[in-house]
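This report refers to the structure that appears directly beneath it.
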Amino acid sequence: MPDFVPVGIVGVGTCLPERVVSNKELETMVETTDEWIVDRTGIRERRIAKNEEATSDLAVEAARRALESAGVEPHEVDLIIVATATPDHVFPATASLVQDRLGCPKAGAFDLSAACTGFMYALVSGAAFISSGTFKTVLVIGAETMSKLLNWKDRSTCILFGDGAGAVVLREVPRGYGLLASYLGSDGSGGPLLQVPAGGSRMPNCHQTLDASLQCLHMNGREVYRFAVRVMGEAALEVVKRAGLERKDIDLFIPHQANIRIIEAAAKRLGLPMDKVLVNVDRYGNTSSASVPIALDEAIRSGRLISGNNVVMVGFGAGLSWGAVTFKWQ
Ligand code: ACO
């Protein structure tokens with residue numbers, strides 16, 4: 001067996017747009033109520049980017065803060081992975097734009113597409129480059145401007161999402177700390193349940209697709225909900241088992257922030273009291289691939305993570321896809 005390098009998160013940063021959009025404001029845009037949204041989702045407000053603000057703008061700021069918190073200089077970064085469903089362009093990769101603006105001359109850069117699970121896939125991918133000895137410093141970013149993909153006339157989807165970015169710096173950590181186990185999964189048969197139908201090679205955008213809003217996010221909410229409740233608990237249990245731990249060993253659970261009811265169902269399945277679960281969906285809504293690193297940053301800032309804690313992070317989303325990791329905070 002090769003001697004794998006232990007990898008951990010050594011810096012975290014986030015960036016959230018300034019503009020807060022409350023449920024009350026949404027009441028003026030679609031037929032909905034604050035009460036309905038809070039009851040069904042737990043969301044009270046979300047951040048929405050300005051028209052001229054793109055995903056890379058949020059990604060660069062989150063990355064700067066992550067590098068600062070890690071005490072790492074841009075020229076030390078070997079690789080940048082941006083997980084996003086809302087890239088600035090089809091190409092160039094958003095990661096390349098971030099590489100240039102951060103000033104990381106020797107970094108490779110690529111985008112990774114796994115919708116709301118993107119950050120989990122990017123984290124596991126980035127860690128593999130370090131554990132194999134290929135790179136020393138990897139920047140992993142989850143960044144989204146979901147507001148640009150939404151149909152603001154569709155009350156069943158536009159109330160759910162928000163914009164933001166979260167970034168982590170990965171490096172070698174002392175043995176016994178850092179990533180203990182990972183689990184990535186996909187069931188592509190569920191692809192049509194959550195998709196942006198037009199704008200790709202299957203259905204390039206044209207007047208007809210735009211008239212039918214097919215360039216926007218479409219979702220079968222009930223089916224995605226069912227999938228999410230099942231997979232969130234299953235993935236967390238699997239990754240705890242792979243780490244050689246038991247449920248009682250989990251100190252903090254950081255789930256993808258899509259809906260408080262999904263989070264509570266997963267916590268119940270894990271037998272975790274809610275004080276061991278990070279929740280901020282009320283303030284940011286579903287920020288897709290940015291949700292887990294934003295929640296992680298909040299956990300650190302609020303002092304909820306101390307050295308030696310076992311943390312489980314789980315994401316799920318379009319694909320359908322899911323991903324989970326267990327790590328020991330150093
Ligand atoms: N305000 C008021 N009423 C609404 C709204 C709204 N904003 N949206 C839908 N309704 C109505 C519906 O039209 C429906 O009315 P009807 O019965 O007359 O047809 C009624 O409310 C109930 O609708 P449901 O869809 O059954 O409501 P549900 O309790 O399932 O909640 C929700 C909907 C919140 C979308 C839920 O299904 C959910 O959270 N699903 C998972 C979504 C998710 O996590 N997506 C992210 C995946 S991550 C990624 O990769 C992007």
Side-chain angles (χ1 to χ4, degrees), residues 21-46 55 83-87 112-122 142-164 166 184-188 190-197 215-233 235 255-266 279-282 284-295 313-324:
V21 173
S22 67
N23 292 347
K24 278 276 170 225
E25 188 172 343
L26 290 180
E27 284 181 5
T28 65
M29 297 160 69
V30 286
E31 201 184 326
T32 191
T33 61
D34 173 51
E35 192 189 1
W36 191 96
I37 300 172
V38 173
D39 273 4
R40 302 291 177 114
T41 70
I43 301 166
R44 292 180 185 277
E45 59 187 40
R46 69 286 293 142
T55 295
T84 185
T86 50
L112 186 150
S113 165
C116 296
T117 321
F119 178 78
M120 304 310 300
Y121 269 80
E144 305 282 9
T145 44
M146 293 300 284
S147 61
K148 318 241 178 179
L149 268 192
L150 297 174
N151 176 353
W152 287 97
K153 293 189 176 128
D154 175 11
R155 68 176 182 175
S156 68
T157 53
C158 76
I159 55 132
L160 297 173
F161 296 91
D163 300 333
L184 300 176
S186 175
D187 174 7
L193 296 176
L194 178 49
Q195 63 172 345
V196 177
Q215 82 285 9
C216 296
L217 178 148
H218 289 247
M219 177 173 69
N220 180 331
R222 268 177 224 186
E223 286 304 317
V224 173
Y225 184 88
R226 247 194 287 268
F227 153 75
V229 166
R230 178 175 58 77
V231 83
M232 187 98 110
H256 173 44
Q257 308 285 315
N259 184 319
I260 188 66
R261 293 188 291 146
I262 297 172
I263 295 172
E264 285 172 350
V279 176
N280 64 12
V281 68
D282 50 327
Y284 305 129
N286 180 348
T287 56
S288 187
S289 68
S291 100
V292 169
I294 290 173
M313 304 200 294
V314 182
F316 68 86
L320 298 172
S321 62
W322 58 94

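Counting starts at 1 for both ligands and their atoms, in listed order.
Near A115, meaning under 4.0 Å from any of its heavy atoms, are these atoms of ligand 1: 50 (O). Every atom of ligand 1 is numbered from 1 in the order shown, and the set under 4.0 Å from a heavy atom of T32 is 1 (N), 2 (C), 6 (C), 7 (N). Close contacts between ligand 1 and S156 involve ligand atoms 8 (N) [criterion: under 4.0 Å to a heavy atom]. The G317 neighbourhood of ligand 1 comprises atoms 48 (S), 49 (C), 50 (O), with distances under 4.0 Å to a heavy atom of that residue. The contact set between ligand 1 and T41, taken as ligand atoms under 4.0 Å from a residue heavy atom, comprises 34 (C).
Scanning all protein heavy atoms for the shortest distance to atom 40 (N) of ligand 1 gives G221 O, 3.0 Å. The protein non-hydrogen atom at the shortest distance from atom 35 (C) of ligand 1 is L160 CD1, 4.0 Å. M219 SD, 3.3 Å is the protein heavy atom nearest to atom 45 (N) of ligand 1. The single protein non-hydrogen atom nearest to atom 48 (S) of ligand 1 is C116 SG, 2.7 Å, given as residue, atom name and distance. Protein heavy atom closest to atom 44 (O) of ligand 1, with residue, atom name and distance, is A258 CB, 3.4 Å. In this structure, the protein non-hydrogen atom closest to atom 22 (C) of ligand 1 is R40 NH1, 3.6 Å. In terms of protein heavy-atom proximity, atom 13 (O) of ligand 1 is nearest to R155 NH2, 3.1 Å. Protein heavy atom closest to atom 43 (C) of ligand 1, with residue, atom name and distance, is V224 CG1, 3.8 Å.
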Just list the side-chain donor-acceptor pairs under 3.5 Å for residues 29-39, sequence neighbours left out, or say none.
from: T33; atom 1: OG1; to: W36; atom 2: N; distance (Å): 3.0
from: D34; atom 1: OD1; to: N23; atom 2: ND2; distance (Å): 2.9

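Between A318 and ligand 1, at least one N/O pair is under 3.5 Å apart. Checked against a 3.5 angstrom limit, the closest N/O atoms of N259 and ligand 1 fall inside it. Close N/O approach between R222 and ligand 1 is found [any backbone or side-chain N/O within under 3.5 Å]. Considering backbone and side-chain N/O of N286, none are found under 3.5 Å from N/O of ligand 1.
Note that atom 16 (P) of ligand 1 has no protein non-hydrogen atoms nearby, at separations under 4.0 angstrom.
E144 and S289 share a donor-acceptor pair across their side chains, judged by distance under 3.5 Å alone. T55 and T145 share a side-chain donor-acceptor pair at under 3.5 Å. Between the side chains of T41 and N259, no donor-acceptor pair of N or O atoms lies under 3.5 Å.
Taken to the nearest 0.5 Å, the NE2 atom of H218 stands 14.0 Å off from the CG atom of L193.
Contact annotation for V30 and ligand 1: no heavy atom of the residue comes within less than 4.0 Å of the ligand.
Considering only residues two or more places apart in sequence or on other chains, R226 meets the salt bridge (Lys or Arg N to Asp or Glu O under 4.0 Å) condition with E223.
The shortest heavy-atom contact between M146 and D163 is N-OD1, 2.8 Å.
Contact analysis puts I262 in contact with ligand 1, with a non-hydrogen atom separation below 4.0 angstrom.
Other residues, nucleotides and ligands contribute more than 12 heavy atoms inside 6.0 Å of the CZ atom of R261.
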